[in-house]
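The next block holds one structure in the form of structure tokens; read it before the comments.
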Amino acid sequence: MKTLSEYRAEARQALKGKWGTSALFVFVYAVVALIINGVTSIPVPGMEAITTGASLLGMLIILPLAYGMTVGFLGQLRGRELEVGQIFSGYNRRVWVTEIVKFLYIILWGIPAIIIAIVLFTGGAMAGMDLDTLMPIGIFVTLVAMIPMYIKTYAYSMVEYLLADNPELSNREALRESERITNGHKMRLFLLDLSFIGWTLLGILTLFIGLLWVGAYQYTARAAYYEDIKD
């Protein structure tokens with residue numbers, strides 16, 4: 001297995017001379033996602049159910065964009081050119097359904113944490129605990145309870161790459177294959193993501209503009225990770 005430094009080095013090599021177009025690619029993705037989220041999050045006075053449903057619909061509409069980002073930067077790592085149209089390549093039945101199934105599977109692993117949080121806050125309130133005491137305890141316990149969801153998020157993190165490389169895979173097969181190839185390697189990907197925290201903070205300090213370059217860098221490094229573990 002390669003080191004985290006080698007993944008980042010491969011990413012920088014693939015991005016050499018292409019940082020501008022890569023940042024633009026991330027920018028288009030961000031603008032499209034923000035527009036969809038903004039339109040579907042407009043509150044409807046007196047109709048909370050419709051507002052909530054529209055927000056959920058917007059979230060589901062955005063999901064395939066992740067596939068487009070993945071395909072774009074994986075292709076660039078392999079020597080192909082980025083094309084803006086790739087961002088929308090996930091809008092087909094196979095990818096869309098897979099993204100929804102993946103999203104639901106991950107959410108299901110988070111349900112125990114939600115239940116624990118509700119029980120903890122309700123029980124604490126009934127027992128007369130003050131909010132200042134209850135809040136940090138509740139947040140800590142909830143975060144710990146969400147660890148299985150975090151693990152599944154990384155277990156399914158290679159689904160988009162697998163769909164792109166294996167057109168014959170069904171959604172369930174892609175999810176199972178992602179679990180297989182990330183088995184024993186999820187911590188490596190977590191640490192790779194963690195290594196970008198410093199760059200992310202710097203990007204935020206530039207009024208978020210720098211995050212366009214950080215996003216390109218991280219997506220390409222993740223693609224290098226996939227190339228290393230896929231076999």
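Residue numbers start at 1 and run along the sequence shown. Predicted, not measured: the structure shown is a model, and the values here were computed from it.
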Just by modelled atom types, is the [Y] backbone N or O under 3.5 Å from a matching donor or acceptor in the [X] side chain?
X: Tyr91; Y: Ile61; answer: yes
X: Ser178; Y: Ala174; answer: no
X: Trp96; Y: Leu63; answer: no

Kindly indicate whether the side chain of [X], heavy atoms from C-beta on, has any atom under 4.5 Å from the side chain of [Y].
X: Arg78; Y: Glu227; result: yes
X: Met59; Y: Thr40; result: no
X: Ile181; Y: Leu162; result: yes
X: Tyr7; Y: Thr3; result: no
X: Phe88; Y: Val32; result: yes

TODO: Scan side-chain atoms only and decide if Glu173 and Ser170 contain a donor-acceptor pair under the 3.5 Å cut-off.
DONE: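 Indeed, the side chains of Glu173 and Ser170 share at least one donor-acceptor pair under 3.5 Å.
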Write down the atom of [X], the atom of [Y], and the distance for their closest heavy-atom approach.
X: Ile229; Y: Met1; answer: CG2-CE, 3.3 Å
X: Lys186; Y: Tyr225; answer: N-OH, 4.3 Å
X: Lys18; Y: Thr21; answer: O-OG1, 3.0 Å
X: Ala23; Y: Trp213; answer: CB-CE2, 3.6 Å
X: Thr220; Y: Ala216; answer: OG1-O, 2.7 Å

- [ ] To the nearest 0.5 angstrom, please state how far the CD atom of Glu177 sits from the CG atom of Leu175.
- [x]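 So the gap between those two atoms works out to 11.0 Å.
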Task: Separation of Phe25 CZ from Leu212 CG (nearest 0.5 Å) - done: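 Those atoms lie 13.0 Å apart.
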Please list every donor-acceptor pair under 3.5 Å in which a side-chain atom of residues 100-122 meets a protein atom from a residue at least two apart or in another chain.
| unit_1 | atom_1 | unit_2 | atom_2 | d |
| --- | --- | --- | --- | --- |
| Lys102 | NZ | Tyr156 | O | 3.3 |
| Lys102 | NZ | Glu160 | OE1 | 3.3 |
| Lys102 | NZ | Glu160 | OE2 | 2.9 |
| Thr122 | OG1 | Ile118 | O | 2.7 |

Task: Pairing residues for Arg12 by the side-chain hydrogen bond (donor to acceptor under 3.5 Å, both in side chains) criterion, not counting sequence neighbours - done: Tyr217
What donor-acceptor contacts under 3.5 angstrom involve side-chain atoms of residues 187-203, with partners at least two apart or in another chain?
| unit_1 | atom_1 | unit_2 | atom_2 | d |
| --- | --- | --- | --- | --- |
| Arg188 | NH1 | Lys2 | O | 2.4 |
| Asp193 | OD1 | Gln218 | NE2 | 3.0 |
| Asp193 | OD1 | Arg222 | NE | 3.0 |
| Asp193 | OD2 | Tyr154 | OH | 2.9 |
| Asp193 | OD2 | Arg222 | NH2 | 2.7 |
| Ser195 | OG | Arg8 | NH1 | 3.1 |
| Ser195 | OG | Leu192 | O | 2.5 |
| Thr200 | OG1 | Phe196 | O | 2.8 |

TODO: In plain terms, say whether Glu179 and Arg176 are close enough for a salt bridge, that is, a side-chain N and a carboxylate O under 4.0 Å apart.
DONE: no
